[in-house]
There are 2 protein chains.
Amino acid sequence: MRRITKEEYIETIFALQKDSVKVQTGQIAQRMDVKPPSVTEMLGKLQDEGLVNYEPYIGAELTSKGEKLARELLETHKVISDFLEILGIDKDVAEHDACIIEHHMSRESAQRLKMFVEFIQTAPKDPKWIENFLMYCETGKRECRPED
Amino acid sequence: MRRITKEEYIETIFALQKDSVKVQTGQIAQRMDVKPPSVTEMLGKLQDEGLVNYEPYIGAELTSKGEKLARELLETHKVISDFLEILGIDKDVAEHDACIIEHHMSRESAQRLKMFVEFIQTAPKDPKWIENFLMYCETGKRECRPED
DNA sequence: CCTAATAATTAGGCATACCTAAAAGTGATG
DNA sequence: CATCACTTTTAGGTATGCCTAATTATTAGG
């Protein structure tokens with residue numbers, strides 16, 4: 001049984017708030033593939049921690065604290081999935097892995113990985129070595145440039 | 001509260017078996033920073049899954065199935081920590097993050113990351129772009145070679 | 001305004017991994 | 001062989017997050 005963390009609830013609520021300010025129990029449940037009672041329970045806990053404002057039968061809304069956390073989590077998430085995609089991982093798998101890994105990575109590693117992705121993405125030209133790497137994955141051969 | 005997974009017990013037992021065949025409850029508890037009753041309980045479960053042979057008051061020993069799993073886990077672990085170290089993460093942090101992440105990464109991503117690390121480590125020369133990257137982390141500047 | 005459909009909540013449980021305190025087993029020593 | 005020190009196990013309980021079934025709110029139609 002896959003256990004979803006509080007953080008994932010925060011991220012989901014954040015995403016759903018793009019459509020409407022108040023997010024309903026059912027929406028969250030559906031999106032997270034979880035039953036409504038689990039959501040009700042979690043919203044209570046998130047409320048206790050000051051991450052959401054929750055009114056029974058009405059819906060939930062992130063507090064500014066919750067929103068800040070959501071943005072941080074989403075950034076880490078994006079860094080990881082971008083990285084995995086650069087390595088040539090299937091988009092869905094990258095997405096899935098990022099979801100799970102993001103909550104377990106230290107701030108330090110996340111920060112470093114972020115710089116790495118940034119370094120690659122803002123390279124003057126699409127770096128040759130990525131091409132070489134993907135080639136290496138498929139054929140096992142590497143192009144023999146000395147500075148590779 | 002940090003929740004340790006079954007897999008981490010397997011890895012720990014594997015590591016301790018280098019010193020003696022039978023591994024005792026107390027050794028595992030100490031190494032994992034957990035109390036002995038937790039270990040007893042877990043050994044029972046691992047036994048049920050056919051991963052260890054466990055005799056109360058004597059100790060535990062990995063089955064061949066458990067040992068196979070341990071080797072796989074350790075390989076993934078090493079891939080992740082090597083990668084983080086290449087990015088310039090502190091060894092202890094890399095080690096710690098690898099411990100946690102390894103259990104959450106898909107086989108596909110782990111395999112790809114493995115190839116990536118291998119690609120870097122077996123590069124004809126220590127790749128220039130890693131130096132460039134570490135420089136970029138420290139100074140924010142990148143060396144402007146067109147093929148960067 | 002009452003009812004039926006829909007949605008959410010409460011109540012009561014399960015699984016996992018952890019803990020403390022108490023009981024039991026093991027082994028060395030007098 | 002009895003006792004003490006040490007280790008391990010058992011018993012009972014906590015925290016998370018998830019579930020089903022039953023209850024309660026809300027809302028739309030008649």
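Residue numbers start from 1 in every chain, and the chains themselves are labelled A, B, ... in the order their sequence lines are given, proteins ahead of strands.
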**OP:** For DNA chain D, find the residues of residues 9-33 of chain A with a heavy-atom distance under 4.0 Å and give them by number; none if there aren't any.
**Re:** A:Y9

**OP:** Strictly below 4.0 Å, heavy-atom distances to any atom of DNA chain D: list the hits from residues 49-58 of chain B, or just say none.
**Re:** B:Y54, B:P56, B:Y57

[X] [atom1] - [N] [atom2] separation (whole Å):
| X | N | atom1 | atom2 | answer |
| --- | --- | --- | --- | --- |
| A:K35 | C:dC14 | NZ | P | 19 Å |
| B:D48 | C:dA15 | CG | P | 14 Å |
| B:K6 | C:dA17 | NZ | P | 5 Å |
| B:M42 | D:dT8 | CE | C1' | 17 Å |
| B:L43 | D:dT7 | CG | P | 17 Å |
| B:E41 | C:dT20 | CD | P | 14 Å |

Original post:
How is B:V34 classified with respect to the nucleic acid when contacts are heavy atoms under 4.0 Å: base, sugar-phosphate, or nothing?
Top reply: sugar-phosphate

Original post:
For A:E61, which residues count as a salt bridge (charged side-chain N to carboxylate O under 4.0 Å, His left out) partner, sequence neighbours excluded?
Top reply: A:K22

Set of side chain to side chain contact (heavy atoms under 4.5 Å, CB included) partners for [X], sequence neighbours left out:
| X | result |
| --- | --- |
| A:S64 | none |
| A:A70 | A:I10, A:F14, A:L62 |
| B:V79 | B:L113, B:K114, B:V117 |

**OP:** Mind jotting down which residue pairs meet the salt bridge (Lys or Arg N to Asp or Glu O under 4.0 Å) criterion with at least one end in residues 25-39 of chain B? Sequence neighbours excluded, please.
**Re:** none

**OP:** Only pairs at least two apart or in different chains count here, so list each salt bridge (Lys or Arg N to Asp or Glu O under 4.0 Å) that has a residue in residues 101-112 of chain A.
**Re:** A:E72-A:R107

**OP:** Output yes when at least one side-chain N/O atom of A:S38 is less than 4.0 Å from OP1 or OP2 of D:dC19, else no.
**Re:** yes

**OP:** On the 0 to 90° scale, with breaks at 30° and 60°, tag the A:F83-B:F116 ring pair as parallel, tilted or perpendicular.
**Re:** perpendicular

Subject >> Nucleotide nearest B:K45 when distance is taken to its side chain, options C:dT16, D:dT20, D:dT10 >> reply: C:dT16

**OP:** Give every residue pair that meets the ring pair (Phe, Tyr, Trp, His ring centres under 6.0 Å) criterion with at least one member in residues 85-112 of chain A, sequence neighbours excluded.
**Re:** A:H104-B:H104

Original post:
In terms of hydrophobic clustering (I, L, V, M, F, W, Y; side-chain heavy atoms under 4.5 Å; direct or indirect links), are A:L73 and B:I100 co-clustered?
Top reply: no

